[in-house]
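Quick notes on the structure that follows.
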Amino acid sequence: MAEAEIGVIGLGVMGANLALNIADNGYHVAVYNRTAARTEEFAAAAGDLSDRVTACATLEDFVAAIRPPRPVIIMVKAGEPVDQQIAALKPLLAANDIIIDAGNANFRDTMRRFTELEGSGLTFIGMGVSGGEEGARRGPSIMVGGKEEAWRRVEPVLTAISAKYQGEPCAAWLGENGAGHFVKTIHNGIEYADMQMIAEVYGVMRDHLSMDAPTMAAVFSAWSTGPLDSYLIDITAEVLSVQDAATGRPIVDMIVDAAGQKGTGRWSVIESQMMGVPATAIEAAVAARSLSAMRAQRAQAEKLLGLPRQQDRRDDQQVVDDLGKALLAGKVAAYAQGFAVMAAASQEFGWNLPMATIARIWRAGCIIRSRFLDEIATAFTENPDVPNLALTPAFSGLLAETDMGLRRIVAEAALNGLPVPALASALGYFDTYRRGRGTANLIQAQRDFFGAHGFERLDAQGEHHGPWGGQS
Ligand code: 6PG
């Protein structure tokens, strides 16, 4: 008998936890995994929730176990496996069934899948889910793209399983087709920037102030009670305080300094570049991960080029205070850039992305959840059409308070050869953005000189050319 109200395909860490979360919220869920052994293992571990879980050995059984119209969540590796799964499901499903891709899809693939499923009678949803393993189990942030009518049909279950911020569900419909996956991509781009800036601050503490991990942990803990209060600062404090059982040293000291990446950060940068919207802090963070992976080359370069001699340093407490300010100012840049990219995409793809809602559903459940996002939600509610977060009264005020701290840290890091590419890019971004008279007049002159591209004059209308000795 078809008693399940929803199905989940893919019982990896995220899919399994999402399925348990659904059952925990009173819904009957059918589950299926390509390797049947995993399905059995999942069913055996479902414990008290077993009554609300139907574990299926075949895709046919899985479809038959769900009451039509069937919502089916696919949580498999992004890319080709999603297409294969949709192809396998399509002949088994009936009109009005909803396929929900909950993986970290490239939104361009999501757009293609919408087109491919058009006319099939099936409904498609591209859904960004953030929060990692714990989020999936206890309440993630959920970003939905597709037809609003399709969202309405799954809204009860998705809001039930989502994280709550002061009782408000962190799940929302954000726009048609690829909107949900695009917003999730930018969430991850911002996540990259947040993480990189925290790592840069850690680097200054470790390599400039010679602080050990437990001392740094105490600083991060203190920060997590103030305006920097966020999940990423919390876990940083925790990570820094954990000892390695084998060596008795802080575990962070034993971990290789090369970070992986699965693509969402890079996609954020690619899309921002395609739309001509600068996202320099995100870009610097993605590049820093790539540089981190060039470990052998870095070791060789250090041998050959050496490190700059350390300069006299200021009082440690002053530097630590400035690091906190630098992180806040850097965050303003990363979020201002991420939201500006979303605003441009909203125009380009006709999504009408609700910026305040996006900030609201990021306040809990997701990896970048923070107090800061509540302030962003308020800023966008009060200034819905502002072109840049930095122009809102709250964030221009925050920048005024933190700007000098960022400036001093970037200067000090530069003088001591400490890499702070994301923080430096944030500073460069603001210093360029805030200057009414920039330097592109010279670039225009150069372009006109070598390519007769023409320029505008401050004192006359129309296109002009320079008197470049007959070359233009
Ligand atoms: C989240 C995370 C999640 C995952 C990323 C990590 O929001 O829950 O962002 O999506 O951890 O895929 O991405 P990288 O492997 O590229 O760091």
Side-chain angles (χ1 to χ4, degrees), residues 10 12-18 21 73-79 81-82 100-107 109-110 126-145 158 161-163 165 170-172 174 178-199 230-236 239 255-272 279 281-293 334-335 338 341-342 358-370 372-373 422:
V13 174
M14 291 297 284
N17 280 303
L18 213 56
N21 183 358
I73 295 179
I74 302 180
M75 190 55 121
V76 299
K77 197 166 176 295
V82 176
I100 305 168
D101 175 17
N104 268 338
N106 184 317
F107 87 105
D109 282 339
T110 304
M127 180 169 101
V129 176
S130 176
E133 191 176 343
E134 184 62 17
R137 179 67 185 87
R138 304 278 162 217
S141 170
I142 296 178
M143 297 148 249
V144 174
L158 295 182
I161 65 166
S162 75
Y165 180 85
C170 292
L174 301 176
H181 277 142
F182 187 88
V183 171
K184 174 68 201 321
T185 297
I186 300 303
H187 165 283
N188 280 28
I190 294 173
E191 172 187 305
Y192 272 54
D194 259 341
M195 292 168 74
Q196 173 63 23
M197 291 188 294
I198 292 173
S230 62
Y231 172 72
L232 285 170
I233 292 284
D234 283 350
I235 64 164
T236 304
V239 162
I255 299 176
V256 171
D257 57 330
Q261 50 179 316
K262 290 203 276 295
T264 45
R266 188 178 301 141
W267 301 337
S268 301
V269 175
I270 292 170
E271 297 303 333
S272 72
I282 300 173
E283 209 173 300
V286 174
R289 279 212 199 175
S290 301
L291 273 162
S292 84
Y335 285 73
V341 174
M342 288 193 287
I358 293 169
R360 251 182 247 124
I361 62 169
W362 285 353
R363 289 178 304 180
C366 69
I367 303 295
I368 62 173
R369 60 185 182 260
S370 64
F372 194 78
L373 273 161

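Since the structure is predicted, the reported quantities are computational estimates derived from the model, not experimental observations. Remember, it's 1-based here, ligands and their atoms both numbered in the order they're listed.
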Would you confirm whether S130, through its side chain, and I367, through its main-chain N or O, come within 3.5 Å as a donor-acceptor pair?
yes
Atoms in ligand 1 with a heavy atom of H187 nearer than 4.0 Å
7 (O)
Polar contacts were defined as any N/O atom of the residue lying under 3.5 Å from an N/O atom of the ligand; does this apply to G132 and ligand 1?
yes
How far is atom 2 (C) of ligand 1 from its nearest protein heavy atom, and which residue and atom is that?
E191 OE1, 3.5 Å
Near K262, which atoms of ligand 1 are under 4.0 Å from a heavy atom of that residue?
12 (O), 14 (P), 15 (O), 16 (O)
Quick check against the 3.5 Å criterion: does R138 have a side-chain atom that pairs as donor or acceptor with the backbone of A163?
no
N104, T185, V129: member with heavy atom nearest to atom 10 (O) of ligand 1
N104
Shortest protein contact, atom 8 (O) of ligand 1 (heavy atom only):
G131 N, 2.9 Å
Donor-acceptor pair, distance only, cut-off 3.5 Å: does the side chain of H181 make one with the backbone of M127?
yes
So is there a nitrogen or oxygen of Y192 less than 3.5 Å from a nitrogen or oxygen in ligand 1?
yes
For I367, is at least one N or O under 3.5 Å away from an N or O on ligand 1?
no
Looking at ligand 1, is there an atom of it that comes within less than 4.0 Å of some heavy atom belonging to C366?
no
Location of contacts on M195 toward ligand 1, heavy atoms closer than 4.0 Å:
neither
Taking both backbone and side-chain atoms of N188, is any N or O found less than 3.5 Å from an N or O belonging to ligand 1?
yes
When rounded to the nearest 0.5 angstrom, what is the spacing between CG in D194 and CD1 in I368?
6.5 Å
Exam field: side chain S268 to backbone T185, donor-acceptor pair closer than 3.5 Å
yes
